[in-house]
Protein chains: 2
Amino acid sequence: MQYIQLRERVKSAVMFKAPVPRYAALKTYVCEQIEKGKWQPNDKIPSETSLAETFGISRMTANRAIRELTDEGRLIRIAGVGTFVLPPKVRGTILEIRSISEEIIARGHIHSSRLLTIEKMEASAFVARSLELEEGAEIFHAVFVHFENDEPVQLENRFVNPAAAPDFLSLDFTNRTPSDYLLGRLPVTEIEQTIEARLPSKQEAAHLAIDLAEPCLVLERTSRTGQMVVTHVRLVHPGKRMTLGGRNSFDNTPSIG
Amino acid sequence: MQYIQLRERVKSAVMFKAPVPRYAALKTYVCEQIEKGKWQPNDKIPSETSLAETFGISRMTANRAIRELTDEGRLIRIAGVGTFVLPPKVRGTILEIRSISEEIIARGHIHSSRLLTIEKMEASAFVARSLELEEGAEIFHAVFVHFENDEPVQLENRFVNPAAAPDFLSLDFTNRTPSDYLLGRLPVTEIEQTIEARLPSKQEAAHLAIDLAEPCLVLERTSRTGQMVVTHVRLVHPGKRMTLGGRNSFDNTPSIG
DNA sequence: TAGTGGTCTAGACCACCCA
DNA sequence: GGGTGGTCTAGACCACTAA
């Protein structure tokens with residue numbers, strides 16, 4: 001078996017260095033050709049068979065390398081035709097928004113929250129539309145204020161579909177945010193959200209202890225599990241005290257969005 | 001070869017239905033066990049060998065199924081120990097932000113932009129820090145206003161690292177936004193951004209034709225290609241006229257962030 | 001030592017596409 | 001019909017872990 005011999009030869013050559021799997025080596029090689037511009041976007045690259053031959057590896061191994069690059073969005077394969085270099089993905093810029101408690105803790109500060117309201121109510125037109133229920137349907141509603149070192153930084157106005165969390169009203173939210181609870185209970189498969197800047201309502205200003213002229217960052221998010229809307233939340237942040245931030249790498253996998 | 005016979009049997013049984021690859025069938029099976037709660041988070045699942053036997057498939061095929069589920073973040077494998085169900089990932093919520101022109105066109109409106117300034121300048125302390133250059137280093141600076149149906153909706157204040165785009169000053173931005181140009185030229189591998197709500201400066205208000213008391217959504221983004229900071233941009237949106245939105249599915253691949 | 005995953009091979013059959 | 005990718009097999013050697 002040629003493979004064993006080669007493996008041994010490599011081993012002794014590089015001495016105790018971690019051996020790079022052959023499919024990984026091929027992946028690296030292909031990426032290099034693309035990055036060097038040797039293989040341009042939309043170019044056809046050598047076939048599996050040909051790559052396997054020139055690298056002295058089996059077709060299955062070459063297949064794995066190429067398949068993984070395909071899964072990673074760098075190549076596209078068409079059976080019966082060939083494999084082609086995919087143009088770099090033009091993708092929307094992505095902002096990752098951490099949960100409020102994570103965000104605050106990451107800053108080295110103390111997070112706490114106060115439950116202002118928790119109730120069963122009839123869905124208003126707006127809420128009904130968000131939760132995809134009939135107007136007047138029974139829903140759960142909760143309002144929290146989140147504090148960073150005793151300073152209010154987020155007003156959380158949450159509407160919950162009772163079908164998704166029948167026991168919502170009887171939960172203890174002293175040690176767990178509703179978001180944590182809902183996420184742990186149901187796998188959210190889709191979110192839809194918007195961010196806007198606006199002035200606070202009188203009530204919002206009062207709860208956040210800010211001026212009526214203080215611009216606020218308002219995030220509205222609808223979360224779905226499969227077809228069902230689980231919850232809709234409105235998060236109001238005083239502009240002075242809160243900035244949403246994020247950092248994203250695009251090294252490997254694309255996908256999402 | 002048993003495989004051939006089976007394949008044929010299946011074919012005749014289901015008639016011309018698309019045949020499901022055996023690794024895919026195993027993936028489905030494993031996911032079902034997890035979703036049904038039969039296999040709980042942190043449970044050990046049967047070994048490759050065992051799965052291959054009970055499904056009557058080869059170990060390589062079982063390996064592909066399990067490996068893909070591992071890549072998708074549903075399982076974790078430890079060589080010499082076993083394969084385990086991974087708890088559902090707690091991930092930060094993600095907001096996808098489309099480019100301004102895409103966003104506007106998607107709304108069925110007309111996008112246009114006006115170049116206000118394009119110049120070579122010395123980096124201020126803030127800009128130098130953003131671009132990771134020395135204070136006073138030579139950089140490029142451009143200011144655009146973007147319009148949606150002739151109404152200003154975004155003020156783009158962009159700082160460019162000359163090392164990344166030496167020809168930036170001589171480009172024609174009538175048909176292409178600087179963002180399109182830079183993204184097409186260099187593969188951005190990392191971004192860091194923040195969103196905040198604040199009042200506009202006098203200048204910003206003038207360019208956007210808004211009141212000084214109108215809250216604005218301000219997005220600051222630093223883009224890197226490898227180690228080098230390519231560009232830093234500040235995007236100011238009048239709160240009245242602009243909302244950033246996004247929709248994300250989390251069906252398959254996790255990753256990113 | 002027995003079991004696990006990690007990797008690899010040298011074949012194979014298939015559907016598909018293009019000339 | 002010859003080339004392409006898509007899938008599958010029945011073995012194999014390895015490093016690692018746990019009993």
Asker: Rounded to the Å, how far apart are B:Leu69 CG and C:dG6 P?
Answerer: 13 Å

Asker: Say you draw a straight line from CD of B:Glu190 to CZ of B:Arg224; how long is it, rounded to the nearest 0.5 Å?
Answerer: 6.0 Å

Asker: For the pair made of CD in B:Glu53 and C1' in D:dT9, what is the distance, rounded to whole Å?
Answerer: 15 Å

Asker: Does A:Ile34 reach the side chain of A:Leu75, with side-chain heavy atoms less than 4.5 Å apart?
Answerer: yes

Asker: Tell me which nucleotide among C:dC8, D:dG6, D:dA10 gets nearest to the side chain of B:Ser58.
Answerer: D:dA10

Asker: What residues form a salt bridge (charged side-chain N to carboxylate O under 4.0 Å, His left out) with A:Glu220, not counting sequence neighbours?
Answerer: A:Arg234

Asker: In whole angstrom, give the distance that lies between atom CD of B:Glu68 and atom C1' of D:dG6.
Answerer: 12 Å

Asker: For A:Phe159 and A:Phe168, I'd like to know if the aromatic rings sit close, meaning centre-to-centre distance below 6.0 Å.
Answerer: no

Asker: Any side-chain heavy atom of A:Val153 within less than 4.5 Å of one from A:Ile100?
Answerer: yes

Asker: Starting at CD1 of A:Ile45 and ending at P of D:dT4, how long is that distance when rounded to a whole Å?
Answerer: 12 Å

Asker: What I'd like to find out is whether the side chain of A:His111 reaches to under 4.5 Å of the side chain of A:Thr177, using heavy atoms alone.
Answerer: yes

Asker: Tell me, please, which residues at least two apart from A:Arg107 pass salt bridge (charged side-chain N to carboxylate O under 4.0 Å, His left out).
Answerer: A:Glu103, A:Glu148

Asker: Taking CZ from A:Phe84 and C1' from D:dG3, how many angstroms apart are they, rounded to a whole number?
Answerer: 12 Å

Asker: Looking only at side-chain atoms of B:Arg22, point me to the closest of D:dC8, C:dT9, D:dC13.
Answerer: D:dC8

Asker: Who passes salt bridge (charged side-chain N to carboxylate O under 4.0 Å, His left out) against B:Arg77, sequence neighbours left out?
Answerer: B:Glu48

Asker: Polar atom pairs between nucleotides 2-4 of chain C and protein, under 3.5 Å, N or O only, would you list them?
Answerer:
from	atom 1	to	atom 2	distance (Å)
C:dG3	N2	B:Gly80	O	3.2
C:dT4	O2	B:Gly80	N	2.9

Asker: Quick one, B:Ile66 and B:Ile45 - any side-chain contact, counting heavy atoms below 4.5 Å?
Answerer: yes

Asker: Between A:Tyr23 and A:Arg59, which residue's closest nucleotide on DNA chain C lies nearer the 5′ terminus?
Answerer: A:Tyr23

Asker: For DNA chain C, determine which residues of residues 60-67 of chain A have any heavy atom closer than 4.0 angstrom to one of its atoms, and list them numerically.
Answerer: A:Met60, A:Thr61, A:Arg64

Asker: Main chain of B:Leu217, side chain of B:His237: is a donor-acceptor contact present, judged purely on distance under 3.5 Å?
Answerer: yes

Asker: Can you check the B:Asp71 CG to C:dT7 P distance for me, whole Å?
Answerer: 10 Å

Asker: Counting Watson-Crick and G-U wobble pairs whose two distances are both under 3.5 Å, find the runs of 3 or more in a row that involve DNA chain D.
Answerer: C:1-18 with D:1-18

Asker: What is the distance from NZ of A:Lys27 to P of C:dG6, rounded to the nearest Å?
Answerer: 14 Å

Asker: Would B:Val30 and B:Arg74 count as a side-chain contact (heavy atoms from CB on, under 4.5 Å) if you check the C-alpha gap in whole Å, the side-chain angles of each, and the deciding distance to 0.1 Å?
Answerer: CA-CA 10 Å; B:Val30 172; B:Arg74 294 169 183 271; over 6 Å; no

